[in-house]
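Please read all numbers here as calculations on a predicted model, not as lab measurements. Every chain is numbered from 1, with letters handed out A, B, ... down the list of sequences. Hydrogens, waters and symmetry mates are skipped; everything else that's a heavy atom, side chains included, is used.
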Protein chains: 4
Amino acid sequence: MPRVTEAYKEERRAAILEGALHCFAEKGYAATTIDDIVRHLGISKGAIYNYFSSKEDIYAQIMDSRMNRLVESLRAGDEETASSAAKLRMLVQRMTGQAIEDLRRLLSFHLEYSLYASRHDELKRSIEKHDNAAIAFVAELIAEGKRSGEFRAEVDERLAASMFWALRDGIALDVLSHGGQEEYAQLMRGMEDMLFRYLQG
Amino acid sequence: MPRVTEAYKEERRAAILEGALHCFAEKGYAATTIDDIVRHLGISKGAIYNYFSSKEDIYAQIMDSRMNRLVESLRAGDEETASSAAKLRMLVQRMTGQAIEDLRRLLSFHLEYSLYASRHDELKRSIEKHDNAAIAFVAELIAEGKRSGEFRAEVDERLAASMFWALRDGIALDVLSHGGQEEYAQLMRGMEDMLFRYLQG
Amino acid sequence: MPRVTEAYKEERRAAILEGALHCFAEKGYAATTIDDIVRHLGISKGAIYNYFSSKEDIYAQIMDSRMNRLVESLRAGDEETASSAAKLRMLVQRMTGQAIEDLRRLLSFHLEYSLYASRHDELKRSIEKHDNAAIAFVAELIAEGKRSGEFRAEVDERLAASMFWALRDGIALDVLSHGGQEEYAQLMRGMEDMLFRYLQG
Amino acid sequence: MPRVTEAYKEERRAAILEGALHCFAEKGYAATTIDDIVRHLGISKGAIYNYFSSKEDIYAQIMDSRMNRLVESLRAGDEETASSAAKLRMLVQRMTGQAIEDLRRLLSFHLEYSLYASRHDELKRSIEKHDNAAIAFVAELIAEGKRSGEFRAEVDERLAASMFWALRDGIALDVLSHGGQEEYAQLMRGMEDMLFRYLQG
DNA sequence: GATGAATGAGTGTTCATTCAT
DNA sequence: TATGAATGAACACTCATTCAT
C-alpha cells in the first residue's frame with residue numbers, strides 16, 4: 001500500500017522532466033547542473049533520484065516524452081476531409097506559425113540531444129525509432145498524394161519525407177544562429193514553395 | 001628550444017588545433033578534457049597554454065580556421081568557364097562526394113559549435129560573419145544565374161541561398177543519427193534535384 | 001544527513017574555521033592547500049565548499065571571527081571596580097601571560113592576514129573596522145584615566161592607543177623571529193614600563 | 001677567460017634583485033610569478049636561473065642585500081660630534097622623514113619576509129643575524145648614553161633597543177593597514193616622545 | 001650567457017551521486 | 001518519500017624549473 005498514489009508520482013515525474021527541459025534548453029545539457037534543475041523546481045536534490053537514475057536518464061526521458069507527443073500531435077492535426085497536399089501544407093504552416101522563441105529553445109534542445117545521442121548507442125536507437133516515425137508519417141502523406149495524383153508519381157516518398165525534415169531542421173538550425181521570427185517565417189514559406197514544386201513538378 | 005621560427009610556432013598551433021578538433025569531434029566539446037587532447041597529441045599539458053588561453057579559445061579558433069578554409073575552398077572550385085547552374089551543381093556534387101565518416105565527424109563538430117556559440121554572444125558574432133560569407137557566396141552564384149537567364153527571375157537569391165545551406169545542414173544532421181554513405185548520397189542527389197526544380201521552375 | 005539543525009551547521013562551520021586557522025598558522029596561507037585543511041580535519045574536500053565559497057573566504061571569515069572575539073574578550077576583562085590604570089595594566093599583563101607558542105602561531109596568522117588584506121581592498125576595510133575597535137577600546141581606557149587624573153592630561157588618547165597596539169604588534173613580530181617565552185615576557189614588561197612612564201609622566 | 005666581466009655579471013644580478021624586489025613588494029612573494037619579474041625587467045626567464053637557483057634564492061638574497069645596506073646606512077648617519085641622545089633622535093627622525101609610499105612597499109616586503117623566514121630555518125638564521133646587528137647598533141647608542149649620563153642607568157640597553165625596533169615595526173605595520181604620511185609622522189613623533197621619556201626618566 | 005617553449009606536478013573548485021536522518 | 005550535507009573523482013589551469021638551440 002503505497003503512501004502516495006501512482007498519479008501523484010506520475011505528476012512529480014512530469015514536473016521534473018519539464019523543469020529539466022527548461023534548464024537544458026536554456027543553458028545546454030552539459031552546462032546545466034542538477035542543482036540548477038533542483039533550484040528551478042524548488043525541490044530537493046534527492047527527490048530527483050527517486051524518479052530518475054541519473055542526469056542522463058532525465059535527458060533521455062525528456063526526449064522520449066517529447067517525441068511521443070510530437071508524433072501524436074502530427075497525427076492530431078490530420079483532418080479527414082482534406083487532400084494530401086492540403087494536409088502537408090497545413091503541417092508546414094503549423095510549423096511556420098510557431099513562436100520563434102519556443103522554437104529556438106526547443107530546437108536547441110533537440111539538436112543538442114541528437115548530437116549527444118549520436119555518440120551514445122543506447123540513445124541512438126531510440127532517436128532512430130522516433131525519427132523513423134516522423135519520416136514515416138510524412139512519407140505516408142506523400143504516398144497518399146501520389147496515389148491521388150496530387151504529387152508526381154516519380155518522387156520517392158521516403159526520400160522526400162527525409163528531405164522535408166532535413167529542410168525543417170536545417171532552417172531551425174539556421175535560425176538558431178541568426179534570424180528572428182520574420183526570417184524564420186520567410187524561410188518556412190520558402191520551404192513550402194520549394195517542397196511543393198518538387199512534389200508537384 | 002627557444003628562438004624558434006614563427007613558422008614553427010604556427011605549425012605547432014595548427015597541430016594543436018587539429019588534435020583538438022579530432023577530440024572534440026569524437027567525444028564532443030564538454031566531454032573532451034584537456035588531458036584527452038594532450039594525450040592524443042603526445043604533448044604536455046602546459047604546452048597548450050603557450051598557444052591558447054583556454055579550452056574555449058581553442059574551440060573558437062578551430063571554428064574560425066575551419067570557416068576561413070571553407071569559404072576559401074568554396075571560391076577555389078569556381079571554374080571560370082562554367083555556367084552558374086553548372087557551378088552550383090558542381091558545388092553540390094563536391095559535397096555529395098565527401099566521405100561520410102569525415103562528414104559525420106566534422107558536422108557534429110560544426111553543429112555542436114553552433115549550438116554552443118548560440119549561447120555565447122562573443123562567439124555568436126563570429127559565426128554569423130562566417131555564415132553570411134557562405135550564404136553570400138551561394139547567393140551570388142544564384143544572382144549570376146538569374147542574370148544569365150538560367151534561373152527564374154522570381155527567386156530571391158538570398159532566401160534561396162539560405163535554403164541551400166539549411167538543406168545541406170539538415171541532411172548532415174539527419175545523417176548524423178542514421179544513414180551511411182549511400183543514404184547520404186541519395187539525399188544529396190535529392191537536394192540537387194529539389195534545388196534545381198526550385199531555381200529553374 | 002540533511003535536515004540538520006542550525007546549531008550543527010554552525011558547529012561545522014566553526015570547526016572548519018578552526019582547522020583552517022591551524023593550517024594557515026602552521027604553514028602560511030599560500031602554502032596551505034585545501035587538501036591540507038581537509039586532511040587535518042578528516043573531512044572531504046567538497047564539504048568545505050558547502051560552508052565557504054573559496055579559500056579566501058575561509059581566510060577572511062577566520063579573521064573576522066577572531067577579531068570579534070578579541071574585542072569581546074577585551075571588554076570581558078573589564079572589572080568594574082578597578083581604576084583605569086589598573087585596567088590597562090591588567091590588559092598588558094593578560095597579554096604577557098599568553099603562552100608564546102599560541103602567540104607565535106596566532107600572531108603569524110594575524111600578521112600575514114594584515115599583509116594580505118593590505119593588498120585586497122575588500123578585506124582591507126574589514127581589517128580597518130576591527131583595528132579601529134581595538135584602538136577605540138584602549139583610547140577610551142586612557143581617556144578615563146585622563147579624566148580621573150591618573151594619566152597626564154597632555155596625552156592624545158588615540159595616538160597613545162595606536163602606539164599601545166603598535167608596541168604589542170612589534171613585540172610579537174620580534175618574537176616571531178627570535179626569542180622564547182622569557183624574552184617575550186621581558187619585552188612585555190618593558191612595554192608596560194615604557195607605556196606607564198609615557199602616560200603618567 | 002669569461003665572455004663577460006665580473007662587473008657586468010654583478011650589475012645584472014643586482015638588477016634582477018631590484019626588479020624582483022619591486023614585484024615582491026607590489027604583489028607579495030607568493031603572488032609574484034617568475035614571469036612577472038621577467039616581464040618587469042624585460043629579460044628572459046632563463047636568464048634569471050643563470051644568476052639564482054630558485055625564486056626563494058632571489059627572495060633571500062634581496063633580503064640579505066637590503067639588510068646589509070640598512071646596517072651600513074645606520075652607521076653612516078653616525079656623526080662623530082653628536083651626543084648619544086642626539087644620535088638616537090636623529091635616527092628616529094630620519095625614519096620619520098621617509099616617504100610613506102616607499103615605506104609601505106618596503107615594509108610589507110620586510111614583514112612578509114620575516115614571516116616567511118620564521119617558517120624556514122635556513123632563512124631564519126640569517127634574519128636573526130641581521131636583526132641582532134640592528135639591535136646591537138641601537139643598544140650601543142643607548143649604552144653610550146648611559147655612560148655619558150644622558151640616559152637612566154637602570155635601563156637595560158638590549159631590552160630598550162629591542163623595544164625601539166618593536167615600536168618602529170609595529171608602527172609600520174599599523175600604517176600598512178591604514179594611515180598615510182601624516183598619521184605615520186605623528187606616530188613616529190609619539191614614538192620619539194615615548195622613547196625618550198623612557199630612557200631619560 | 002641568453003632565450004623562451006616545454007614540462008608536469010600541483011592547485012582550487014565543481015558536481016553527479018549517495019545515504020543517514 | 002523527501003531532504004540536503006557529504007563525498008571524491010575529475011577538471012581546467014598555473015607556474016617554477018629545465019634545457020635544446
Participant: Over how many whole Å does the gap from A:Ile48 atom CD1 to F:dT3 atom P extend?
Facilitator: 11 Å
Participant: So if I apply the side chain to side chain contact (heavy atoms under 4.5 Å, CB included) rule between D:Leu123 and each of D:Glu128, D:Glu56, D:Met63, which one comes out positive?
Facilitator: D:Glu56
Participant: For DNA chain E, what is the dot-bracket line, given that a base pair needs Watson-Crick (N1 to N3, plus N6-O4 or O6-N4) or G-U wobble (N1-O2 and O6-N3) geometry with both distances under 3.5 Å, and | means paired with another strand?
Facilitator: .||||||||||||||||||||
Participant: List the residues meeting ring-ring contact (aromatic ring centres under 6.0 Å, His included) with D:His110, not counting sequence neighbours, and say none if there are none.
Facilitator: none
Participant: Please check this pair: side chain of C:Asp64 against backbone of C:Gln61, looking for a donor-acceptor N/O pair closer than 3.5 Å.
Facilitator: no
Participant: Taking D:Thr32 for the side chain and D:Cys23 for the main chain, is one N or O donor matched with an acceptor at less than 3.5 Å?
Facilitator: yes
Participant: Reading nucleotides 8-15 of chain F from the 5' end, what letters show protein touch, with B for base, S for backbone sugar-phosphate only, - for no heavy atom under 4.0 Å?
Facilitator: B-BSSBBB
Participant: Is the phosphate of F:dA2, meaning OP1 or OP2, less than 4.0 Å from a side-chain N or O of A:Asn50?
Facilitator: yes
Participant: Base, sugar-phosphate alone, or nothing: which one does B:Tyr51 contact when heavy atoms must sit under 4.0 Å apart?
Facilitator: sugar-phosphate
Participant: Using whole Å, what does the distance between atom P of nucleotide E:dT14 and atom CZ of C:Phe52 come to?
Facilitator: 15 Å
Participant: I'd like to check the salt bridge (Lys or Arg N to Asp or Glu O under 4.0 Å) partners of C:Glu10; sequence neighbours left out, ordered by chain and number.
Facilitator: C:Arg13
Participant: Which residues satisfy the ring-ring contact (aromatic ring centres under 6.0 Å, His included) test with C:Tyr29, sequence neighbours excluded?
Facilitator: C:Phe24, C:Tyr59, C:Tyr116
Participant: By salt bridge (Lys or Arg N to Asp or Glu O under 4.0 Å), which residues pair with B:Arg105, not counting sequence neighbours?
Facilitator: B:Glu26
Participant: Of all the nucleotides listed (E:dA2, F:dA5, F:dT3), which has the minimum atom distance to the side chain of C:Tyr8?
Facilitator: F:dA5
Participant: I need the CD-C1' distance between C:Glu6 and F:dT3, as an integer number of Å.
Facilitator: 15 Å
Participant: Quick one about A:Thr33 and A:Asp36 (side-chain donor to acceptor, distance below 3.5 Å, no hydrogens or angles considered), yes or no?
Facilitator: yes
Participant: Rounded to the nearest angstrom, tell me the gap between atom CZ in A:Arg39 and atom P in F:dG4.
Facilitator: 13 Å
Participant: May I ask you to check whether over 12 heavy atoms, not counting those of B:Glu6, lie within 6.0 Å of atom CD?
Facilitator: no
Participant: Looking at F:dA2, I'd like to know if its phosphate oxygens (OP1 or OP2) sit under 4.0 Å from a side-chain N or O belonging to A:Arg12.
Facilitator: yes
Participant: Could you state the atom-to-atom distance from CD1 of C:Ile37 to C1' of E:dT11 in whole Å?
Facilitator: 12 Å
